[in-house]
Colleague: 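After the structure tokens below, expect a handful of questions from me.
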Amino acid sequence: MRVSKMLTHTLKEDPQEAEVMSHKLMIRAGMLRRVSSGIYNYLPLGWKVIRKVMDIIREEMNAIEGQELLMPAMNPRELWEETGRWEEMGDNLFRLKDRWGRDYCLGMTHEEVITDIARKEIQSYKDLPIMLYQIQTKFRDEPRPRAGVMRGREFIMKDAYSFHDSDESLDEKYRDNYRAYWRIFARCGMETVPVKADPGPIGGTDNHEFMVLSPVGEDTVFLCECGNGANKEMAYFKDEEKDPPVRSKESSREKIHTPGVSTIEKLCKSLKISADRFMKAIVYIADGKPIMAIVRGDRDINQVKLRRGLGVKTLAMANDDEILKFTGGHLGFSGPVGMDPSVVVADPEIKYMVDTICGANEKDYHFRNVNPGTDFTVGKYIQIRDAVEGDKCPECGKVLDAKRSIELGHIFKLGRKYSNDMKATFLDDKSERKTFIMGCYGIGVTRIVAAVIETHNDKNGIIWPISIAPYECLVMPVMYNDDEQRGISEEIYKKLKEKGIDVAYDDRDSRPGFKFKDADLIGYPLRVIVGKKAIKDGLVELKLRDEKEAQMVKIEEVVDMIIDIIKVEKTKLMSFSDRFEECPC
RNA sequence: CGAGGUGUGGCGCAGCUUGGCUAGCGCGUCUGCUUUGGGAGCAGAAGGCCGGAGGUUCAAAUCCUCUCACCUCGACCA
């Protein structure tokens with residue numbers, strides 16, 4: 001491709017709309033332009049990168065027997081009602097009506113549609129297992145799109161779905177995908193960490209998120225040297241075993257007047273006591289019934305742990321009316337004193353609290369000198385607080401490391417959740433009707449691109465892994481005007497093209513400084529510079545984007561050298577097997 | 001939804017407090033000349049109903065009201 005004909009104009013200044021580096025660089029390098037909040041044009045340079053990522057994904061999915069298909073972005077309401085997700089997805093689902101007033105949505109994921117395909121097309125156990133996948137544009141009405149393509153409202157995703165007649169078969173496919181995901185990300189130049197995660201509204205049992213560590217990530221993961229890793233929602237840790245607390249002096253419960261002091265922060269200020277001396281009591285509606293969850297005042301309740309610990313399907317914070325009915329007091333003044341123990345759940349840390357302060361279930365009143373056992377009884381002690389830096393690994397006891405991360409992929413064992421709801425069945429070898437067991441495997445394609453840039457850049461621009469660079473190589477005459485330089489450049493460009501190298505040729509009659517800056521910004525991994533000093537001795541410069549110095553190479557050898565370097569670089573990206581660890585489940 | 005902020009040629013910004021001549025600057029674009037190893041210089045040119053609607057005023061980019069879009073933090077989130 002001739003640079004003079006490319007639709008790309010690079011920007012010298014950072015765009016006002018962008019905050020994080022990958023977003024800035026994608027716009028400055030001419031890959032991306034915003035159309036609306038969270039909605040983007042992928043200009044040719046950006047689209048080319050996305051296509052390369054897609055190709056890697058296709059190769060790896062096909063290698064584990066995935067079959068590509070394409071499902072509609074627009075789905076009818078009826079399908080989503082079969083699983084209850086038309087309601088469950090709430091405002092995140094983009095909805096629209098046709099001219100007759102019929103309801104549709106723009107798919108954010110395709111479990112319903114694929115299960116519909118399966119129940120119609122797959123009748124026999126002989127067709128199983130099978131895995132189908134697509135690369136599709138997905139839609140989510142995000143409350144707040146962020147960081148360019150990192151969290152958009154329209155984005156490209158690969159989603160795969162597998163169907164099985166046994167758990168063992170699903171386990172095997174899950175392991176295949178686990179391995180394939182590792183390979184895909186490695187080939188894109190990304191080192192990912194698989195962590196245990198909560199399945200959320202998708203449902204199912206085992207699932208892993210593939211995370212890349214980055215300070216701009218929106219998730220927090222807790223990692224241990226021993227290989228154990230989980231995202232924040234699922235980050236369980238070892239509860240410290242302590243001696244039972246000893247009360248230094250006899251004290252008894254006392255009601256105190258605290259008008260308008262409805263938050264922990266206000267309590268700390270008004271009583272001049274630190275947050276860890278309070279109990280935070282929050283009322284939730286769990287599967288329709290109210291419960292009270294208690295953690296120390298300085299801790300955060302982890303809703304996923306609470307939901308799992310209670311063994312309920314739905315969990316939401318109660319509103320003021322519900323709290324009033326349940327406790328007799330208002331929001332901000334709840335506490336366990338006087339509550340039936342069967343509806344009180346507390347974090348184990350509560351056991352060790354002495355002479356603590358909590359709400360009195362009466363507006364504008366708290367209790368002080370409250371002690372577990374004497375003043376109230378806890379029905380169930382389960383770990384329901386968020387992990388924090390310094391907590392210990394539940395497996396080996398070492399200190400967990402908290403890191404920010406970007407979620408690139410998520411794999412789930414769905415089980416029969418969708419096939420049950422949608423009555424998707426097949427006949428087994430005994431002519432019995434069975435319900436499909438399913439798995440589902442997603443990758444954020446456009447997000448990979450952002451994550452790669454985020455982790456591969458310097459002050460001059462992007463440093464692409466060669467596998468997904470928009471072009472593998474750039475040929476650049478210092479002075480396009482110079483017949484000799486142009487002649488040699490054209491010739492090298494032609495030869496590289498013939499050899500199948502994805503090469504760009506900067507044939508613009510611009511000043512060299514301008515072209516160097518542009519090349520660094522766009523981040524061509526390899527650069528051939530044809531200048532007059534070098535020409536005298538039949539040499540051109542060959543420079544790698546991530547190396548400081550260029551090497552002088554004979555003109556007639558440069559093409560072969562480039563071919564070799566590309567081969568070596570790609571092999572490097574493929575040779576990840578020494579780091580790979582098999583799926584733990 | 002809560003809090004803060006921004007809308008002025010393609011991009012980045014100034015002007016607004018205290019209303020007043022033809023709305024400026026840098027980058028980019030086009031023409032010409034000179035340049036040519038890290039975002040060149042000179043000369044010239046094109047390109048704006050100042051986000052939109054209403055109001056105040058002799059007069060509004062500037063003041064008032066409403067509205068829309070976008071950004072950041074939070075809440076939320078396969």
Side-chain angles (χ1 to χ4, degrees), chain A residues 7-20 23-24 27-28 30 33-40 85 88-93 107-112 138-148 150-153 155 157-161 197-204 207-210 216-219 231-233 300 303-304 316-317 407-412 414 417-418 440-444 447 459-461 476-482 485 506 508-522 527 529-535 540-541 543 548 550:
Chain A
L7 175 71
T8 162
H9 87 276
T10 54
L11 305 175
K12 193 151 55 169
E13 285 160 305
D14 280 340
Q16 174 258 7
E17 71 187 80
E19 198 64 24
V20 306
H23 189 193
K24 287 180 185 173
I27 288 168
R28 285 190 54 208
R33 294 289 184 262
R34 196 188 70 208
V35 177
S36 181
S37 176
I39 301 176
Y40 293 88
R85 291 208 302 179
E88 200 182 327
M89 286 303 185
D91 289 336
N92 282 332
L93 195 61
M108 53 205 289
T109 172
H110 279 75
E111 282 79 10
E112 283 80 3
K138 305 280 182 178
F139 301 85
R140 295 186 65 179
D141 194 355
E142 286 290 343
R144 192 158 86 79
R146 276 192 73 247
M150 201 85 87
R151 179 170 291 274
R153 295 196 294 173
F155 54 99
M157 211 172 147
K158 187 277 320 185
D159 48 327
Y161 306 87
D198 178 62
I202 286 218
N207 73 101
H208 283 89
E209 287 175 338
F210 284 77
V216 309
E218 299 177 283
D219 297 304
N231 80 3
K232 190 174 176 178
E233 297 172 323
D300 290 317
Q303 280 199 33
V304 170
M317 279 170 92
E407 176 189 350
L408 294 185
H410 201 160
I411 59 179
F412 304 79
L414 293 177
K417 180 178 156 74
Y418 293 90
C440 135
Y441 319 90
I443 292 181
R447 191 182 272 185
K459 66 180 197 305
N460 294 314
M476 190 191 116
V478 172
M479 267 183 285
Y480 185 72
N481 259 346
D482 182 285
Q485 287 185 30
D506 198 342
R508 295 173 299 180
D509 184 18
S510 308
R511 298 174 59 89
F514 180 86
K515 293 198 277 191
F516 282 125
K517 287 286 187 193
D518 235 20
D520 283 344
L521 178 58
I522 291 170
R527 189 193 301 170
I529 302 146
V530 182
K532 69 176 173 200
K533 281 179 255 170
I535 276 182
V540 292
E541 282 168 56
K543 185 181 171 300
K548 217 172 163 200

Colleague: Side chains of A:Glu209 and A:Leu408: closer than 4.5 Å at any heavy-atom pair?
Modeller: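 A side-chain contact is absent here, since even the closest heavy-atom pair is not under 4.5 Å.
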Colleague: Report yes if a side-chain nitrogen or oxygen of A:Arg144 is closer than 4.0 Å to either non-bridging phosphate oxygen (OP1 or OP2) of B:rA75; otherwise report no.
Modeller: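 Checking B:rA75 against A:Arg144, no side-chain N or O comes under 4.0 Å of OP1 or OP2.
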Colleague: How many Å lie between CD on A:Glu218 and C1' on B:rC73, as a whole number?
Modeller: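 Nearest whole value for this atom pair: 13 Å.
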Colleague: Using the C1' atom on both, measure B:rA53 against B:rC68 and round to a whole Å.
Modeller: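 One C1' to the other, the span is 10 Å.
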Colleague: What does A:Arg33 touch in the nucleic acid at a heavy-atom separation under 4.0 angstrom: a base, only the sugar-phosphate, or nothing?
Modeller: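 No contact at all - A:Arg33 keeps every heavy atom at 4.0 Å or more from the nucleic acid.
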Colleague: CZ of A:Arg151 versus C1' of B:rC71: gap in Å, rounded?
Modeller: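 Between C1' of B:rC71 and CZ of A:Arg151: 17 Å.
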Colleague: Minimum heavy-atom separation for A:Lys515 to A:Ser510, with atom names?
Modeller: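 Heavy-atom minimum between the residues: CE-O, 3.7 Å.
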Colleague: Of all the heavy-atom pairs spanning A:Glu541 and A:Ala550, show the shortest one and how long it is.
Modeller: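 Reported closest heavy-atom pair: OE1-CB, 3.9 Å.
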Colleague: Once pairs are restricted to Watson-Crick or G-U wobble with both distances under 3.5 Å, how does RNA chain B read as a dot-bracket string, [ ] for crossings and | for other-strand pairs?
Modeller: ((((((((.[[[[.)....(...]]]].((((((.....)))))).....[[[[[..)....]]]]])))))))....
Colleague: Between B:rA69 atom C1' and A:Gln16 atom CD, what is the distance in whole Å?
Modeller: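 Between C1' of B:rA69 and CD of A:Gln16: 12 Å.
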Colleague: Which pair of heavy atoms, one from A:Met150 and one from A:Arg447, lies closest together, and at what distance?
Modeller: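 It is O-NE, 2.9 Å.
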Colleague: Using atom P of each nucleotide, how far apart are B:rC77 and B:rG4 to the nearest Å?
Modeller: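 So the two P atoms sit 24 Å from each other.
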Colleague: What's the CG-P distance between A:Asp14 and B:rG39, to the nearest Å?
Modeller: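 Computing the A:Asp14:CG to B:rG39:P distance gives 18 Å.
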Colleague: Using the P atom as the point on both nucleotides, what is the distance between B:rC50 and B:rA3, in whole Å?
Modeller: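 Going atom to atom, P in each nucleotide, I get 31 Å.
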Colleague: Check the distance between B:rG51's P and A:Glu17's CD and give it to me in whole angstrom.
Modeller: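 Answer to the nearest Å: 18 Å.
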Colleague: Atom CG of A:Asn207 to atom P of B:rC77: distance rounded to whole Å?
Modeller: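 Rounded to whole Å, this separation is 16 Å.
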Colleague: Figure out the CZ/C1' separation between A:Arg140 and B:rC77, and round it to whole Å.
Modeller: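 Computing the A:Arg140:CZ to B:rC77:C1' distance gives 5 Å.
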Colleague: I'd like to know if A:Glu142 and A:Arg140 make a salt bridge, using a cut-off of under 4.0 Å between side-chain N and carboxylate O.
Modeller: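 Yes, charged N to carboxylate O under 4.0 Å.
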Colleague: Roughly how many Å apart are B:rC63 and B:rG44, using the P atom of each and rounding to a whole number?
Modeller: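 Approximately 35 Å lies between the P atom of B:rG44 and that of B:rC63.
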Colleague: Separation of A:Lys24 atom NZ from B:rG12 atom C1', in whole Å?
Modeller: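 Going from NZ in A:Lys24 over to C1' in B:rG12 covers 13 Å.
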Colleague: Respond yes when some side-chain nitrogen or oxygen of A:Arg146 is under 4.0 Å from OP1 or OP2 of B:rC73, and no when none is.
Modeller: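 Yes, within the criterion.
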Colleague: Closest heavy-atom contact between A:Arg28 and A:Asp14?
Modeller: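 Taking every non-hydrogen atom into account, CD-OD1, 3.2 Å.
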Colleague: Could you tell me how far B:rC42 sits from B:rG38 if I compare only their C1' atoms? Round to whole Å.
Modeller: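 Looking at atom C1' only, B:rG38 and B:rC42 are 22 Å apart.
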Colleague: Do any N or O atoms of the protein come closer than 3.5 Å to N or O atoms of nucleotides 44-47 of chain B, and which pairs are they?
Modeller:
none

Colleague: For a quick test of reading the model, state the closest non-hydrogen atom pair linking A:Ala147 to A:His23 and the distance between them.
Modeller: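 That would be C-ND1, 3.8 Å.
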Colleague: Please report the distance separating the P of B:rC27 from the corresponding atom of B:rC73, rounded so that it comes out in whole Å.
Modeller: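 It works out to 32 Å between them.
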Colleague: If I compare all heavy atoms of A:Thr10 with all of A:Asp518, which pair ends up nearest, and what's the gap?
Modeller: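 Heavy atoms only, the tightest pair is OG1-OD1, 2.5 Å.
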Colleague: Verify the neighbour count for atom CG of A:Asn460: are there more than 12 heavy atoms of other residues, nucleotides or ligands below 6.0 Å?
Modeller: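 More than 12 within 6.0 Å, yes.
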Colleague: Which comes earlier along RNA chain B counting from the 5' end, the contact point of A:Gly148 or that of A:Met317, where each point is its nearest nucleotide?
Modeller: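 The answer here is A:Gly148.
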Colleague: What is the nucleic acid contact for A:Glu209, judged by heavy atoms within less than 4.0 Å: base, sugar-phosphate only, or nothing?
Modeller: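 Since no nucleic acid heavy atom lies under 4.0 Å of A:Glu209, the category is nothing.
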Colleague: Select one nucleotide: of B:rG39, B:rC11, B:rC70, the one nearest the side-chain heavy atoms of A:Arg34.
Modeller: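 It is B:rC70.
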Colleague: State whether A:Glu111 and A:Arg85 are salt-bridged, where the test is any N-O pair (Lys NZ or Arg NE/NH1/NH2 against Asp/Glu carboxylate O) under 4.0 Å.
Modeller: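 So A:Glu111 pairs with A:Arg85 through a salt bridge.
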Colleague: Any side-chain N or O of A:Ser36 less than 4.0 Å from the OP1 or OP2 oxygen of B:rA69?
Modeller: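 Answer no for this pair, as no side-chain N or O of A:Ser36 is under 4.0 Å from OP1 or OP2.
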Colleague: Can a side-chain donor-acceptor contact be found between A:Tyr40 and A:Arg153 if the only test is distance below 3.5 angstrom?
Modeller: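 Their side chains do not contain a donor-acceptor pair, so the 3.5 Å distance test is not met.
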Colleague: Looking across every strand, which nucleic acid part, if any, lies under 4.0 Å from A:Phe155 by heavy atom: base, sugar-phosphate, or nothing?
Modeller: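 Base, at least one base heavy atom under 4.0 Å.
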Colleague: For B:rA69 versus B:rA14, give the span between their C1' atoms, rounded off to a whole number of Å.
Modeller: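 22 Å, rounded to whole Å.
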Colleague: If you measure only the distance, is there a donor-acceptor pair under 3.5 Å linking the side chains of A:Asp159 and A:Tyr161?
Modeller: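 Yes, A:Tyr161 and A:Asp159 have a side-chain donor paired with an acceptor closer than 3.5 Å.
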Colleague: Given the C1' atoms of B:rG24 and B:rU8, what is the spacing between them in whole Å?
Modeller: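 Per the computed distance, 10 Å lies between those C1' atoms.
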Colleague: For a 4.5 angstrom cut-off between non-hydrogen side-chain atoms, does A:Leu93 reach A:Asp141?
Modeller: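 The answer is no; the side chains never approach within 4.5 Å.
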Colleague: For nucleotides 24-38 of chain B, read 5' to 3', which letter fits each nucleotide if B means a protein heavy atom sits under 4.0 Å from the base, S means only the sugar-phosphate is that close, and - means neither?
Modeller: --B--------BBBB
Colleague: Across the strands shown, which category fits A:Lys138 at heavy-atom distances under 4.0 angstrom: base, sugar-phosphate, nothing?
Modeller: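 Base, at least one base atom sits under 4.0 Å.
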Colleague: Do the ring centers of A:Phe412 and A:His410 come within less than 6.0 Å of each other?
Modeller: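 Between A:Phe412 and A:His410, the centre distance is under 6.0 Å.
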